[in-house]
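Nothing here was measured: the structure is a model prediction, and the numbers come from that model. Proteins come first, then strands; the chains are lettered A, B, ... in the order of their sequence lines, and each starts at number 1.
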Amino acid sequence: MKTHDCGTLRPKDAGTAVKLAGWVQRRRDHGGLIFVDLRDRSGVVQVVVNPERVGPEVFARAERLRSEYVIMVEGEVVRRMPGMENPALATGEIEVVATALEILNEAATPPFPIDRPVDVEENLRLRYRYLDLRRPDLQRNLALRHRVTQAIRSYLDKQGFYEIETPMLTRSTPEGARDYLVPSRVNPGTFYALPQSPQLFKQLLMVSGFERYFQIARCFRDEDLRADRQPEFTQLDVEMSFVDENDVLSLIEGLIAHVFREALGVELAPPFRRITYQEAVDRYGSDKPDLRYDLPLVDVSSQVAGSGFRVFSDAVAKGGVVKGINAGPGKGGWSRREIDQLGEFAQQHGAKGLAWILYGQAEPRSPIAKFLSEEELKAVGEAMGASTGDLLLFVADTRAVANDVLGRLRRLLAEKLGLIPSGTYEFCWIVDWPLLEWDDESGRYHAMHHPFTSPNPEDLELLETAPEKVRARAYDLVLNGYELGGGSIRIHQRELQTRLFRVLGIDEEAAQNKFGFLLEAFTYGAPPHGGIALGLDRLVMLMAGGESLRDVIAFPKTQRAMCLLTQAPAEVDPAQIRELRLRLDPEVAAFKQS
RNA sequence: GGAGCCGUGGUGUAGUUGGUUAACACGCCGGCCUGUCACGCCGGAGAUCGCGGGUUCGAGUCCCGUCGGUUCCGCCA
């Protein structure tokens with residue numbers, strides 16, 4: 001139907017007869033002469049309908065054109081007259097003089113403008129997602145996503161990886177997020193779970209001897225949503241045999257550099273920084289620090305341990321810390337109101353209070369300065385690199401609370417102070433994670449990564465005596481404060497896996513029941529292996545400069561996990577429920593009636 | 001589960017201390033126009049202000065509830 005793509009025509013095509021097809025972006029009707037901006041995936045080109053070149057019938061047809069009509073145009077590419085070029089348009093040096101024009105389909109007036117990037121209410125965009133997707137931003141983002149996945153596939157193929165699919169209907173596993181469940185009709189009373197990740201299958205593929213596997217895999221987690229969390233999302237899942245941490249990290253560094261080069265034309269400089277978990281938490285108050293700005297947390301416990309300010313000295317005496325952050329001079333000084341807002345923020349996130357000092361001012365403006373000696377003030381200021389007028393903020397609490405609150409404050413301050421440069425990509429690896437984490441709620445240890453993560457062999461003897469001190473052979477990849485993904489070297493020996501399950505409070509029987517197939521597989525010659533999973537949506541989102549996953553997913557869900565286009569989830573025919581041998585909770589049924 | 005913000009013609013917004021004709025731009029419809037490209041000019045249609053209740057002589061505006069969207073906390077790796 002078409003010989004060329006609209007957006008690709010250039011002066012060198014002048015004189016060529018072309019057939020184009022696409023959507024009417026805009027029509028400019030001058031009465032005796034009609035201009036049509038014709039758009040297809042490749043871009044826009046101006047079509048001129050001149051009664052001297054077409055019959056009255058075609059001209060009348062051009063007069064009928066409206067926005068988003070689908071048309072086919074035959075014509076000749078001509079250079080525009082001097083002075084008539086449009087530098088804003090890639091095809092602006094030429095135009096297509098129509099010789100024939102056909103309306104392939106009419107279009108209702110769209111509910112929001114397609115040709116301009118107007119901010120439209122989210123629910124309208126989602127309801128008419130197919131129209132939203134016509135707009136330039138989403139066209140660009142999905143094209144980028146395509147280039148990213150293609151770059152991933154070609155890179156990993158060259159590195160000897162096989163792309164292998166794993167089941168979507170699998171079994172529910174304990175640990176981790178809530179599963180999406182699918183009832184089995186053939187086996188009443190039993191359920192599949194949609195995979196949270198292909199974790200177990202990719203390990204089994206290593207036992208199978210594939211050595212290098214990857215998959216661009218859809219994953220499902222039934223948890224509450226965020227701007228960077230959708231209920232179904234896509235992971236680049238990778239697993240390799242006979243590797244250690246460095247092999248995985250350098251492979252991924254090479255992959256990421258390749259992807260950025262191919263898809264964005266951006267040169268990165270691997271290797272990426274490696275930061276231990278402890279360092280990240282101590283210095284940035286986060287296990288996914290944004291390194292586009294510094295703004296470090298400073299421990300001033302030793303400087304204020306003996307202070308007359310009881311809040312400080314008591315916190316230290318009780319084994320806690322006093323940590324601070326230097327918020328700098330602000331944008332032309334800090335108002336009391338701004339400082340109070342920071343204090344409220346700190347309290348909302350669990351601090352008892354936020355102490356502050358406007359450093360070195362003749363009249364040191366601070367509610368706490370009078371409790372600190374000159375020497376203490378000076379020592380604190382030095383530790384924090386303070387100059388006159390800097391706002392120093394402090395949290396005195398347990399180490400965990402102080403780090404968490406100040407880490408959040410750090411992010412807030414960076415935003416408020418405009419310290420975040422755009423268009424830069426600061427990658428880092430977070431390494432040396434704790435293997436386990438005590439969970440008060442369930443009264444047992446949880447795997448911080450997942451229960452198949454190998455402990456650091458140096459810490460193995462602590463596994464039963466001081467589990468929280470055991471380091472994991474795990475790593476996270478962080479970009480601009482977002483967790484892009486994580487992985488680990490896995491346990492590949494049955495004994496160690498059983499031992500770890502025991503520490504996690506999963507007894508032999510439960511382990512057999514839930515993971516028997518994996519434990520058994522390990523007895524048949526499982527190679528040492530490890531891997532990683534990267535959030536593809538997040539990666540593309542950050543590459544696209546977006547702030548929401550919705551901007552890089554063709555058909556995303558709302559925060560209530562609804563698809564406004566198809567109205568999913570929806571009720572089903574009662575017969576379907578009966579067939580599955582399920583019954584609705586009467587309360588739910590009653591609620592639906594009302 | 002909790003907190004914040006948003007909801008006014010098709011779209012994006014304005015709407016004063018509550019005061020009676022709800023404004024503007026774009027879009028849409030009709031007319032004119034042969035060099036526009038966010039074409040221009042003339043004319044026109046179109047909203048009971050998300051929904052329900054309350055306060056009031058009077059509610060887009062105040063209060064309560066509810067629905068939807070969104071951001072965050074909890075949750076989630």
Side-chain angles (χ1 to χ4, degrees), chain A residues 25-38 44-53 59 63 66-68 78 80-89 91-92 95 97 108-128 131 175-179 196-197 199 219-231 233 235 287-288 344-345 347-350 404-405 408 411-412 430 433 437 439 441 446-450 453 474-478 482-488 532-535 538 547-548 550 556-560 562 564:
Chain A
Q25 166 114 332
R26 237 184 158 80
R27 183 195 56 143
R28 288 176 296 282
D29 186 344
H30 286 234
L33 189 68
I34 296 172
F35 297 97
V36 177
D37 290 343
L38 183 63
V44 174
V45 70
Q46 171 165 282
V47 174
V48 190
V49 186
N50 189 326
E52 288 160 20
R53 296 292 299 270
F59 193 78
E63 284 180 314
R66 294 292 181 270
S67 286
E68 301 306 314
V78 301
R80 293 200 191 182
M81 312 279 279
M84 299 299 164
E85 300 92 346
N86 183 356
L89 217 56
T91 57
E95 61 193 3
V97 178
T109 302
F112 50 80
I114 306 295
D115 57 340
R116 263 182 275 182
V118 179
D119 270 332
V120 181
E121 221 176 272
E122 198 73 22
N123 51 13
L124 205 66
R125 295 179 57 188
L126 292 172
R127 168 140 181 251
Y128 297 98
L131 295 179
E175 311 282 318
R178 212 172 279 127
D179 287 316
Q196 295 182 27
S197 78
Q199 183 61 36
C219 305
F220 304 85
R221 291 178 191 166
D222 186 6
E223 296 292 345
D224 288 348
L225 276 50
R226 289 286 186 282
D228 65 346
R229 268 164 34 192
Q230 281 274 315
F233 60 100
Q235 278 190 350
D287 57 17
K288 42 179 200 277
E344 271 171 48
F345 178 84
Q347 289 193 342
Q348 276 164 17
H349 292 282
D404 181 58
V405 171
R408 292 172 193 272
R411 242 169 40 196
L412 180 74
I430 307 297
W433 287 73
E437 183 180 36
D439 179 47
E441 206 178 308
H446 274 239
M448 208 145 173
H449 187 58
H450 57 52
T453 301
Y475 32 82
D476 267 14
L477 180 60
V478 173
Y482 285 87
E483 181 201 329
L484 263 196
S488 60
I532 192 167
L534 300 180
R538 281 187 193 169
E547 307 231 295
S548 167
R550 292 187 304 276
K557 308 257 188 303
T558 70
Q559 194 162 49
R560 270 162 215 184
M562 297 263 300
L564 296 183

> Within the structure shown, what part of the strands sits under 4.0 Å from A/R28 by heavy-atom distance: base, sugar-phosphate, or nothing?
Replying inline: base
> When we call it a touch if two heavy atoms are under 4.0 Å apart, what does A/L124 touch: a base, just sugar-phosphate, or nothing?
Replying inline: sugar-phosphate
> Taking the six-membered ring for Trp, does A/F112 stack with B/U11 (centroid gap under 5.5 Å, planes within less than 30°)?
Replying inline: no
> Just how far, in rounded Å, is C1' of B/C41 from NE2 of A/H30?
Replying inline: 12 Å
> Atom CD1 of A/I34 to atom P of B/G35: distance rounded to whole Å?
Replying inline: 13 Å
For [X], which residues count as a ring-ring contact (aromatic ring centres under 6.0 Å, His included) partner, sequence neighbours excluded?
X: A/F35; answer: A/H30
X: A/F345; answer: A/H349
X: A/H449; answer: none

> Has the side chain of A/E121 got a donor or acceptor that lies under 3.5 Å from a partner of the other kind on the base of B/U11?
Replying inline: no
>> Should the side chain of A/R27 and the base of B/C39 be counted as holding a donor-acceptor pair, with the cut-off at 3.5 Å?
In response: no
> Looking only at side-chain N and O atoms, does A/R26 come under 4.0 Å of OP1 or OP2 in B/U36?
Replying inline: no
> Between B/G68 and A/T558, is there an OP1 or OP2 to side-chain N/O distance shorter than 4.0 Å?
Replying inline: no
Please report the shortest heavy-atom distance between [X] and [Y], naming the atom on each side.
X: A/S197; Y: A/C219; value: CA-SG, 3.8 Å
X: A/W433; Y: A/A474; value: CD1-O, 3.5 Å
X: A/V49; Y: A/L33; value: O-CD1, 3.7 Å

Can you pull every protein N or O that's under 3.5 Å from an N or O on nucleotides 71-75 of chain B?
{"from": "B/U71", "atom 1": "OP1", "to": "A/R550", "atom 2": "NH1", "distance (Å)": "3.3"}
{"from": "B/U71", "atom 1": "OP1", "to": "A/R550", "atom 2": "NH2", "distance (Å)": "3.2"}
{"from": "B/U71", "atom 1": "OP2", "to": "A/R550", "atom 2": "NH1", "distance (Å)": "3.4"}
{"from": "B/U71", "atom 1": "O4", "to": "A/Q559", "atom 2": "OE1", "distance (Å)": "3.1"}
{"from": "B/C72", "atom 1": "OP2", "to": "A/A227", "atom 2": "N", "distance (Å)": "3.2"}
{"from": "B/C73", "atom 1": "OP1", "to": "A/R408", "atom 2": "NH1", "distance (Å)": "3.3"}
{"from": "B/C73", "atom 1": "OP2", "to": "A/R226", "atom 2": "NE", "distance (Å)": "3.1"}
{"from": "B/G74", "atom 1": "OP1", "to": "A/R408", "atom 2": "NH2", "distance (Å)": "3.3"}
{"from": "B/G74", "atom 1": "N7", "to": "A/R226", "atom 2": "NH2", "distance (Å)": "2.7"}
{"from": "B/G74", "atom 1": "O6", "to": "A/R226", "atom 2": "NH1", "distance (Å)": "3.0"}
{"from": "B/G74", "atom 1": "O6", "to": "A/R226", "atom 2": "NH2", "distance (Å)": "3.2"}
{"from": "B/G74", "atom 1": "N1", "to": "A/D224", "atom 2": "OD2", "distance (Å)": "2.6"}
{"from": "B/G74", "atom 1": "N2", "to": "A/D224", "atom 2": "OD2", "distance (Å)": "3.2"}
{"from": "B/C75", "atom 1": "O2'", "to": "A/E223", "atom 2": "OE1", "distance (Å)": "2.7"}
{"from": "B/C75", "atom 1": "O2", "to": "A/R229", "atom 2": "NH2", "distance (Å)": "3.2"}
{"from": "B/C75", "atom 1": "N3", "to": "A/R229", "atom 2": "NH1", "distance (Å)": "3.3"}
{"from": "B/C75", "atom 1": "N3", "to": "A/R229", "atom 2": "NH2", "distance (Å)": "2.8"}
{"from": "B/C75", "atom 1": "N4", "to": "A/R226", "atom 2": "NH2", "distance (Å)": "3.4"}
{"from": "B/C75", "atom 1": "N4", "to": "A/R229", "atom 2": "NH1", "distance (Å)": "3.2"}

Under 3.5 Å for both donor-acceptor distances, Watson-Crick or wobble: does [N] have a partner, and if so which one?
N: B/C51; result: B/G65
N: B/A3; result: B/U71
N: B/G35; result: none

So if I take every side-chain heavy atom of [X] and compare against [options], which nucleotide ends up nearest?
X: A/R80; options: B/G27, B/G69, B/U36; answer: B/U36
X: A/P51; options: B/U11, B/U34, B/G35; answer: B/U34
X: A/W433; options: B/A77, B/C37, B/U70; answer: B/A77
X: A/M562; options: B/G69, B/U34, B/G35; answer: B/G69
X: A/D29; options: B/A77, B/C33, B/U11; answer: B/C33
X: A/E52; options: B/C76, B/U34, B/C28; answer: B/U34

>> If the condition is side-chain hydrogen bond (donor to acceptor under 3.5 Å, both in side chains), which residues does A/Q46 pass it with, not counting sequence neighbours?
In response: A/R28, A/E95
What protein N or O atoms touch nucleotides 46-48 of chain B N or O atoms at under 3.5 angstrom, if any, and at what distances?
none

>> For A/G486 and A/P110, find the nucleotide of RNA chain B closest to each by heavy atoms; which residue's nucleotide sits nearer the 5' end?
In response: A/P110
> Closest nucleotide of RNA chain B for A/R560 versus for A/R221: which of these residues is on the 5' side?
Replying inline: A/R560
